[in-house]
Number of protein chains: 2
Amino acid sequence: MEDDPTPPASPPTALDIVRTRSLASLVSQELEAMILSGALPAGERLNEQQLALRLGVSRGPVREAVRGLERSGLVVSVRNQGSYVRSVSAAEALEIYDLRAALTGLACARLAGTATPAQLEALGALLRRMEAAWEADAATEYYAANLDFHAALLQGGGPRGQRLYEDLGNELHLFRRRALVEPENMRESNAEHAAILAAIAAGDALAARAAGEAHIAGGKRRFQATDASQPSARQQALPAPRRRARRLA
Amino acid sequence: MEDDPTPPASPPTALDIVRTRSLASLVSQELEAMILSGALPAGERLNEQQLALRLGVSRGPVREAVRGLERSGLVVSVRNQGSYVRSVSAAEALEIYDLRAALTGLACARLAGTATPAQLEALGALLRRMEAAWEADAATEYYAANLDFHAALLQGGGPRGQRLYEDLGNELHLFRRRALVEPENMRESNAEHAAILAAIAAGDALAARAAGEAHIAGGKRRFQATDASQPSARQQALPAPRRRARRLA
DNA sequence: CAAGTGCAGGCTGTCAACAGTTTGCCGGGG
DNA sequence: CCCCGGCAAACTGTTGACAGCCTGCACTTG
């Protein structure tokens with residue numbers, strides 16, 4: 001979407017950012033990115049002072065940001081002890097897959113009844129993009145297109161479900177470094193994508209729902225296969241017992 | 001830890017509360033209750049100073065609490081302008097029903113495979129409680145038992161889904177004052193409850209899922225019927241344009 | 001040598017104050 | 001009569017500072 005009836009879709013001016021976003025929201029965004037990128041691994045302790053210093057702000061906005069992240073499930077806090085990047089257990093990861101499957105199925109079903117030709121064409125384009133990426137063996141490109149495909153799917157389902165799906169996907173990143181889509185899986189995964197699109201295009205809500213659910217279930221299966229996912233009986237609730245900065249002398 | 005590995009389910013001591021909960025979390029809890037009870041209606045502006053004064057704390061904890069509520073969808077904030085209790089449009093309310101249906105179906109399906117006799121008995125007891133409430137024409141009692149029944153259902157599904165369901169239920173309260181369950185609806189609703197329990201007891205995951213979804217879909221239908229739900233084309237994004245405290249003189 | 005105790009340091013929880021922005025009101029001009 | 005610029009109040013955004021708690025080390029004691 002280059003330009004629109006709304007203001008000329010300008011790349012958000014620096015001035016606009018300052019005028020519309022508070023420091024707390026920016027810090028929240030930054031922390032979320034750091035967590036999802038792995039710069040702050042699961043179990044890591046969040047030192048407010050350190051983060052504030054590093055981001056060049058006061059502790060207030062940092063605390064507000066952490067509260068938000070706590071609500072969204074990326075962080076857990078203990079009074080007088082600190083906040084930690086949440087670690088997701090294997091059981092929780094599997095449940096999250098189930099939830100995403102239900103959400104995806106719902107979105108696909110609705111999309112089967114409401115999809116416009118433009119939407120169908122956009123989905124088809126993403127499908128071809130993934131196919132091309134698979135043939136070129138470009139894993140990261142496939143990964144990006146895959147993300148876009150799912151986003152487009154969920155967007156057709158409704159705004160609330162979309163946000164839920166994104167949040168759950170973020171949480172999934174907290175189960176260790178997730179295994180990226182393996183090459184041999186790309187083909188299987190994309191075949192499922194095609195099935196989803198076909199059902200939507202046919203206007204068959206039930207089939208679309210089943211295909212959407214089956215796709216995420218397949219992802220869950222592939223996830224279980226690659227990641228042995230029986231590390232220890234249960235992951236500890238508070239992984240990093242507060243690593244203290246070592247005194248110099 | 002007075003005398004046991006797991007202290008005898010003591011009602012949380014005042015000291016424990018002080019020791020484990022921060023002011024921010026308590027304020028968050030309080031604000032949430034005020035919003036859900038209708039004391040702070042949808043669209044209402046949240047004045048930080050006023051709330052802080054009223055709750056006897058500083059603005060810091062209030063701000064942190066509001067950030068959490070913002071993430072959970074109960075509040076929307078605009079920089080330099082304030083925070084408002086979110087108003088949910090009719091379209092959003094309907095989507096939320098769909099999401100809850102999917103979540104409930106998922107939980108029922110899983111429960112059909114894992115339910116213990118104790119869980120089945122507990123669900124049965126709640127069912128009878130609702131029936132008794134219906135015969136006694138005790139709407140509030142029915143309402144409470146209904147809440148418990150659904151909570152028990154979702155509890156069997158998994159902790160993450162349960163929290164999601166609760167959050168969505170809370171959001172639903174923001175669509176005006178929701179109409180309580182009408183007397184004639186109680187019987188229909190409870191029949192659906194019985195169908196759910198029967199399917200779970202039979203261990204039929206597919207039927208349980210369908211029954212769970214159908215029940216929420218029924219709720220959606222009843223919701224649409226009672227609440228005309230076409231108030232105006234779309235609800236304004238920022239309902240209360242900042243009512244300013246009137247000067248005295 | 002093991003266990004218990006006291007102390008220092010760091011960090012969180014909370015508060016009060018300052019700066020910037022928005023809002024509503026009032027008066028002057030077209 | 002309507003519109004517009006200036007003004008003052010209120011409120012939010014942010015910061016810095018203080019108090020209390022927890023942690024870990026060192027020392028003492030049996």
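Note: hydrogens, waters and symmetry copies are ignored here, and every other heavy atom, side chains too, is used. Reminder, nothing fancy here: chain letters follow the sequence lines and each chain counts from 1.
Applying the side-chain contact (heavy atoms from CB on, under 4.5 Å) criterion to A:A217, with sequence neighbours excluded, gives no partner residue. With sequence neighbours left out, the salt bridge (Lys or Arg N to Asp or Glu O under 4.0 Å) criterion links A:E95 to no other residue. The salt bridge (Lys or Arg N to Asp or Glu O under 4.0 Å) search around A:R79 returns none, not counting sequence neighbours. Applying the salt bridge (Lys or Arg N to Asp or Glu O under 4.0 Å) test to A:R86 and every residue at least two apart in sequence or in another chain returns A:E92, A:E171. For A:R163, the side-chain contact (heavy atoms from CB on, under 4.5 Å) criterion is met by A:R160, A:D167, not counting sequence neighbours. Partners of B:E30 by side-chain contact (heavy atoms from CB on, under 4.5 Å), not counting sequence neighbours, listed by chain and number: B:M34, B:L55.
Rounded to whole Å, the distance from CD on A:Q81 to P on C:dT12 is 11 Å. Protein atom CG of B:N80 is 9 Å distant from nucleotide atom P of C:dT23, rounded to whole Å. Spacing between atom CG of B:L51 and atom C1' of D:dT12 amounts to 13 Å, rounded to whole angstrom units.
In this model, the phosphate group of C:dT12 is approached by a side-chain N or O of A:R45 to a distance below 4.0 Å at OP1 or OP2. The side chain of A:Q49 places an N or O atom within less than 4.0 Å of a non-bridging phosphate oxygen (OP1 or OP2) of C:dC11. Between C:dT12 and A:N47, a contact under 4.0 Å exists linking OP1 or OP2 to a side-chain N or O.
The two atoms that bring A:T104 and A:Y165 nearest to each other are OG1-CE1, 3.4 Å, heavy atoms only.
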Report all interatomic pairs (protein N or O, nucleotide N or O of nucleotides 14-19 of chain C) with separations under 3.5 Å.
{"unit_1": "C:dT14", "atom_1": "OP1", "unit_2": "B:L23", "atom_2": "N", "d": "2.7"}
{"unit_1": "C:dT14", "atom_1": "OP2", "unit_2": "B:L23", "atom_2": "N", "d": "3.3"}
{"unit_1": "C:dC15", "atom_1": "OP2", "unit_2": "B:S58", "atom_2": "N", "d": "2.8"}

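Taking five base pairs at each end of the helix from C:dC1-D:dG30 to C:dG30-D:dC1 and finding the rotation axis that steps the C1' atoms of four pairs onto the next four gives two axes whose angle is 10°, to the nearest 10°.
The ring-ring contact (aromatic ring centres under 6.0 Å, His included) pairs that include a residue from residues 85-107 of chain B are B:Y97-B:F223, where partners are two or more places apart or lie in different chains.
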